[in-house]
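Have a look at the structure below before the remarks.
The structure presented is a predicted model; accordingly, all values stated were derived computationally and were not measured. Chain identifiers are assigned alphabetically (A, B, ...) following the order of the sequence lines, protein sequences preceding nucleic acid strands; residue numbering begins at 1 within each chain.
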Number of protein chains: 2
Amino acid sequence: MASFRRAPDFDRKADMIEATLDCIADVGIQATTVRAVAARAGVSNGLIRHHFESKDRLITAAYRRTIEMMSEPMLAVMKGPPQPAHARLAGFVVASLSGPNADPRLLSLWATFISQIHANPHFAREHRVGYAAYREATEELIADVMTAEGRIASVQERRRLAIAINAVIDGLWLEGCLSADEIDESLQISIGLRCVEALLGVDLPDVRPERKES
Amino acid sequence: MASFRRAPDFDRKADMIEATLDCIADVGIQATTVRAVAARAGVSNGLIRHHFESKDRLITAAYRRTIEMMSEPMLAVMKGPPQPAHARLAGFVVASLSGPNADPRLLSLWATFISQIHANPHFAREHRVGYAAYREATEELIADVMTAEGRIASVQERRRLAIAINAVIDGLWLEGCLSADEIDESLQISIGLRCVEALLGVDLPDVRPERKES
DNA sequence: TCGTCAACTATGCAATTGCATAACTTCTAT
DNA sequence: ATAGAAGTTATGCAATTGCATAGTTGACGA
């Protein structure tokens with residue numbers, strides 16, 4: 001029979017998940033069949049079934065990976081080098097609206113999963129968990145800024161602000177991805193920063209998006 | 001053969017589009033087959049093919065209908081009774097975040113189509129046209145407010161503001177629909193109004209969401 | 001009344017799809 | 001070495017799906 005090479009070092013499961021995401025982003029969820037994913041991953045279709053209990057599990061894994069990608073800016077800010085609170089918040093805004101996050105491909109993926117949230121309990125779970133963590137992190141950022149300002153915000157107030165700020169960032173991200181060819185990225189960023197400043201009643205430092213290492 | 005009733009009065013094509021939307025919102029785009037739609041519409045599956053050139057056309061028609069629904073608040077404000085500019089803008093914000101627009105079902109539909117925009121040229125077209133009209137209307141609202149304030153905004157400035165305001169509203173809408181059971185609608189509205197005020201540097205009148213006639 | 005056209009149903013088919021199964025290959029522990 | 005476990009391929013099947021086709025029914029003008 002045909003020969004093959006094993007891939008014990010780099011995880012082939014991750015390859016398949018990546019192929020799934022490519023497939024969904026390129027041709028949509030409907031055309032994302034087990035065979036199509038297998039072809040992209042360069043493996044036989046049987047192998048997918050070997051690594052994933054079912055197609056649904058594969059797609060769910062792809063969703064989890066998407067959430068992971070989208071949470072990266074937040075994680076980078078939270079776990080990065082210590083910074084003043086204001087700079088951290090500004091950095092979060094910038095990272096959310098530029099770099100890998102500003103990719104239309106990511107929007108396609110996100111929209112695909114969001115659209116199925118209420119039709120697929122697995123998705124609903126992944127979403128709930130991911131979003132809660134996201135909002136809590138935002139609340140923490142806000143609380144730090146408030147503390148640095150010498151102000152005190154109640155729990156409700158912090159939550160309200162977190163909702164508002166997340167909404168603004170999400171909306172700008174959405175618009176930026178949807179018309180990536182028309183809308184200037186740095187414009188989105190400055191709008192985002194200005195909105196956050198207005199919502200919190202603070203001044204944020206001018207942060208430039210980091211240049212990616214080539 | 002089985003008997004049937006003709007429906008010349010009310011448009012059966014619209015019925016099928018509605019059934020398609022129900023189907024997509026309920027069970028997702030993948031489970032939205034011609035047969036499933038036909039069953040929901042209470043017709044034979046052959047009839048769908050009779051009225052629509054292909055399944056793709058049916059889905060595209062459903063997308064157009066969705067855009068139509070989402071544009072309704074804007075249309076209502078633009079074509080409604082004459083109001084002061086500030087009230088019109090406020091009314092637009094409120095209508096966008098409450099009433100039929102705050103329905104999670106609408107989010108599912110929107111996300112479904114958005115996710116396929118770049119995989120389906122028909123969708124891309126529908127989206128581009130619909131969104132351009134939407135942003136232009138927002139720009140008009142903004143220009144009117146500026147005029148009423150005795151201020152003058154350049155074309156670039158108006159466009160920038162329209163992008164920002166649309167982003168804020170979209171983001172709040174998104175968040176509201178995604179966690180409709182956790183987030184208070186009137187809170188979203190007040191956040192939206194406050195953001196718009198901050199972005200434009202104006203005060204908006206306090207507008208309550210209109211009670212729908214029962 | 002009757003013919004004719006559009007609305008509508010019923011049925012079938014070729015292609016696709018998720019999944020199962022069996023066979024083969026590589027790796028690793030002993 | 002060697003056996004067994006795990007990775008991998010190839011193949012097949014039952015179910016589904018979009019679409020085509022043929023036939024049936026109702027509306028309506030002449």
Phosphate OP1/OP2 of C:dA6: any B:H51 side-chain N/O under 4.0 Å: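 So the side chain of B:H51 is outside the cut-off, no N or O lying under 4.0 Å from OP1 or OP2 of C:dA6.
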With a 4.0 Å limit, can you tell me whether B:H50 has a side-chain N or O closer than that to the phosphate oxygens OP1/OP2 of C:dA7?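 So the side chain of B:H50 is within the cut-off, an N or O lying under 4.0 Å from OP1 or OP2 of C:dA7.
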Tell me if a side-chain donor or acceptor on B:E126 pairs with a main-chain N or O of B:R64 at a distance below 3.5 Å.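 Answer holds: no.
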Sole candidate of A:I114, A:T112, A:L106 that passes side chain to side chain contact (heavy atoms under 4.5 Å, CB included) when paired with A:W110: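 Running side chain to side chain contact (heavy atoms under 4.5 Å, CB included) over A:I114, A:T112, A:L106 with A:W110 returns exactly one hit, A:I114.
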Member of B:T20, B:I24, B:I117 meeting the side chain to side chain contact (heavy atoms under 4.5 Å, CB included) criterion with B:Y63: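 Single pass found, and it is B:I117.
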Output the rounded distance in Å from [atom1] ([X]) to [atom2] ([N]).
X     : N      : atom1 : atom2 : result
B:E53 : D:dC19 : CD    : P     : 10 Å
A:L47 : C:dT26 : CG    : P     : 15 Å
B:I29 : D:dG18 : CD1   : P     : 10 Å
A:R12 : D:dA6  : CZ    : P     : 18 Å

Contacts under 3.5 Å, N or O only, protein and nucleotides 11-17 of chain C:
unit_1	atom_1	unit_2	atom_2	d
C:dG12	O6	B:R35	NH2	3.4

Is the number of heavy atoms from other residues, nucleotides or ligands under 6.0 Å of A:R194 CZ greater than 12?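 Counting neighbours around CZ of A:R194, 12 or fewer heavy atoms of other residues, nucleotides or ligands fall under 6.0 Å, so no.
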Mind checking whether B:I29 and A:S115 have side chains closer than 4.5 Å, heavy atoms only?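 No, their side chains stay 4.5 Å or more apart.
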Side-chain heavy atoms of A:Y131 within contact of A:N166, under 4.5 Å: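 Contact flag for A:Y131/A:N166 side chains = yes.
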